[in-house]
Amino acid sequence: MSAPRTPRKVLGRLSLPERTYLADALRTETVGGVLLLVAAITALLWANVPLLHDSYETVSHFHIGPETLGLNLSVAHWAADGLLAIFFFVAGIELKRELVAGDLRDPKAAALPVVAALCGMAAPALVYTLTATAGGGSLSGWAVPTATDIAFALAVLAVIGTSLPSALRAFLLTLAVVDDLLAILIIAVFFTDTLDFAALGGAVAGLAVFWLLLRKGVRGWYVYVPLALVIWALMYNSGIHATVAGVAMGLMLRCTTREGEKHSPGEHIEHLVRPLSAGLAVPLFALFSAGVSVSGGALAEVFTQPETLGVVLGLVVGKTLGIFGGTWLTARFTRASLSDDLAWPDVFAVATLAGIGFTVSLLIGELAFEGDAALTGEVKAAVLTGSLLAAALATVLLKLRNATYRRMWEAEERDEDQSGIPDIYEEDDPEYHLRMAAIHEHKAAEHRRIAEEKAAARHAVAEVPGGAGAENDGPA
């Protein structure tokens, strides 16, 4: 007879290698998220303080770059098309690693974040479309509330101090990576008006050379960095958003290890580039994109115009219901059960946190309403408002379960045998139990020794005449 199958768990414990990788990635992203938060606040102050407003506009619209190559762009444009290419390069590597070497190489495990991400993009788009249609507004911004900003979300977690279990953090990170890749597909398909086939052909040829050099094992940043810049410039001039080049190059890197390798080339490069992406590229993009005019009247208009209200509802309501619903449906139809340590309200809270759609939402907002500066600014204000509302709601929901999360986190981190590996990953190892037995035996011997010393001390005091053990030892 075949053994009964163990029911598959949704959001169960990560494998040790995946947990180690996740901890390293989230550490960098959390620092980057705090810098992103600082950059966004700086942009808002810079753009709204009357004495500074003109300088913000001057710097943002200052043009630099070779005109003959079609790259005489504003500083804000360089941040959106150039620096974000680095961000999407890292996202491409992350997705490739998850699919070929991470826990998502199992199709059943991959289905959950992929379905959740798809539902988490379809629902906000539907909410926006219904809201804009009902109010007679433009449908051009349907894609604005579809993106999740992992750096901003992790910054919120860092600020509120929630010890979110690694399984939920991994779900949020993977969800955001899939989300980012789907967002770049939306940008490439729906926000490309004209194509320069010569430039596009050059970009494709450059990508082919990039792939060939990788397969031949050619090394050296002085080869790949100039080639990457050429590919990016050609992609930009082709009419397709230049960040697509970053994704394509990230997906080409090898993310599996070979004999003698501790880390794959993809992981090594990601480790080098991620701090540049999280610590410089994304915060600078936020600095030159989040500078929108904020006033009581402007905030009130966010909730009265169909386009801006659609963005806010898409982020706060659409994202939450889409991700939560996609996760529940995946568990329901795959006959999987939620991890024993978690409850569905935990998934709902993380889905709410995914409503923070800062970086990519701002980028799509610029593309969707290009040519209408007033509406672009209003949609950016709506992105900020929706993201802040989602962050506030998620903070409340996560705080309600913070004691449970802290217990789970402490259990994940406990290393009583001092082996450098959390105990929960060694429970099936006989050597672990032998080490623990030795530790407890040593503690037992120490307690016996202390007990004997205490007993001997009491006996000695009792034998001393007039001592504490003598009769009638009351006060004199």
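Just so it is clear, the structure is predicted and the values come from calculations on it, not from any experiment.
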Is it the case that the side chain of Asn237 and the backbone of Leu69 share a donor-acceptor pair, with hydrogens and angles ignored and the cut-off at 3.5 Å?
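Present.
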Spatial distance of atom [atom1] ([X]) from atom [atom2] ([Y]) [nearest 0.5 Å]:
X: Leu287; Y: Leu35; atom1: CG; atom2: CG; answer: 12.0 Å
X: Leu251; Y: Leu95; atom1: CG; atom2: CG; answer: 6.0 Å
X: Ile187; Y: His241; atom1: CD1; atom2: NE2; answer: 5.5 Å
X: Phe285; Y: Phe87; atom1: CZ; atom2: CZ; answer: 9.5 Å

Check the angle between the aromatic planes of Tyr56 and Phe288 and answer parallel, tilted or perpendicular using the 30° and 60° thresholds.
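It falls in the parallel class, under 30°.
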Please verify the inter-ring angle class for Trp78 with Trp232; under 30° counts as parallel, over 60° as perpendicular, anything in between as tilted.
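The arrangement is parallel - the two ring planes meet at less than 30°.
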The criterion is salt bridge (Lys or Arg N to Asp or Glu O under 4.0 Å); which residues satisfy it with Asp180, sequence neighbours excluded?
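In terms of salt bridge (Lys or Arg N to Asp or Glu O under 4.0 Å), with neighbours along the sequence ignored, Asp180 is linked to no residue.
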Can you sort out the partners of Glu366 under salt bridge (Lys or Arg N to Asp or Glu O under 4.0 Å), two or more places apart, ordered by chain and number?
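With neighbours one apart ignored, the set is Lys380.
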Counting only heavy atoms not in [X] (residues, nucleotides, ligands), do more than 12 fall under 6.0 Å from its [atom1]?
X: His268; atom1: NE2; answer: no
X: Arg215; atom1: CZ; answer: yes
X: Leu400; atom1: CG; answer: yes

Results of ring-ring contact (aromatic ring centres under 6.0 Å, His included) for Tyr224 - residues two or more places apart only:
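For Tyr224, the residues satisfying ring-ring contact (aromatic ring centres under 6.0 Å, His included) (neighbours in sequence not counted) are Phe210.
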Against Val302, only a single residue in Val312, Val311, Val379 fulfils side chain to side chain contact (heavy atoms under 4.5 Å, CB included); can you say which?
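Option passing the side chain to side chain contact (heavy atoms under 4.5 Å, CB included) with Val302: Val312.
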Heavy atoms only: give me the nearest [X]-[Y] pair and the separation to one decimal.
X: Pro283; Y: Gly32; value: CG-O, 4.4 Å
X: Tyr236; Y: His77; value: OH-CE1, 3.3 Å
X: Ala290; Y: Phe358; value: CB-CZ, 3.8 Å

State, without any angle test, whether Trp46 and Ser55 hold a side-chain donor-acceptor pair at a distance under 3.5 Å.
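A pair is found: one side chain offers a donor N or O, the other an acceptor, under 3.5 Å apart.
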Does this structure show an ion pair linking Arg254 with Glu261, if we count only N-O contacts that are shorter than 4.0 Å?
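Salt bridge between Arg254 and Glu261, a charged N being under 4.0 Å from a carboxylate O: yes.
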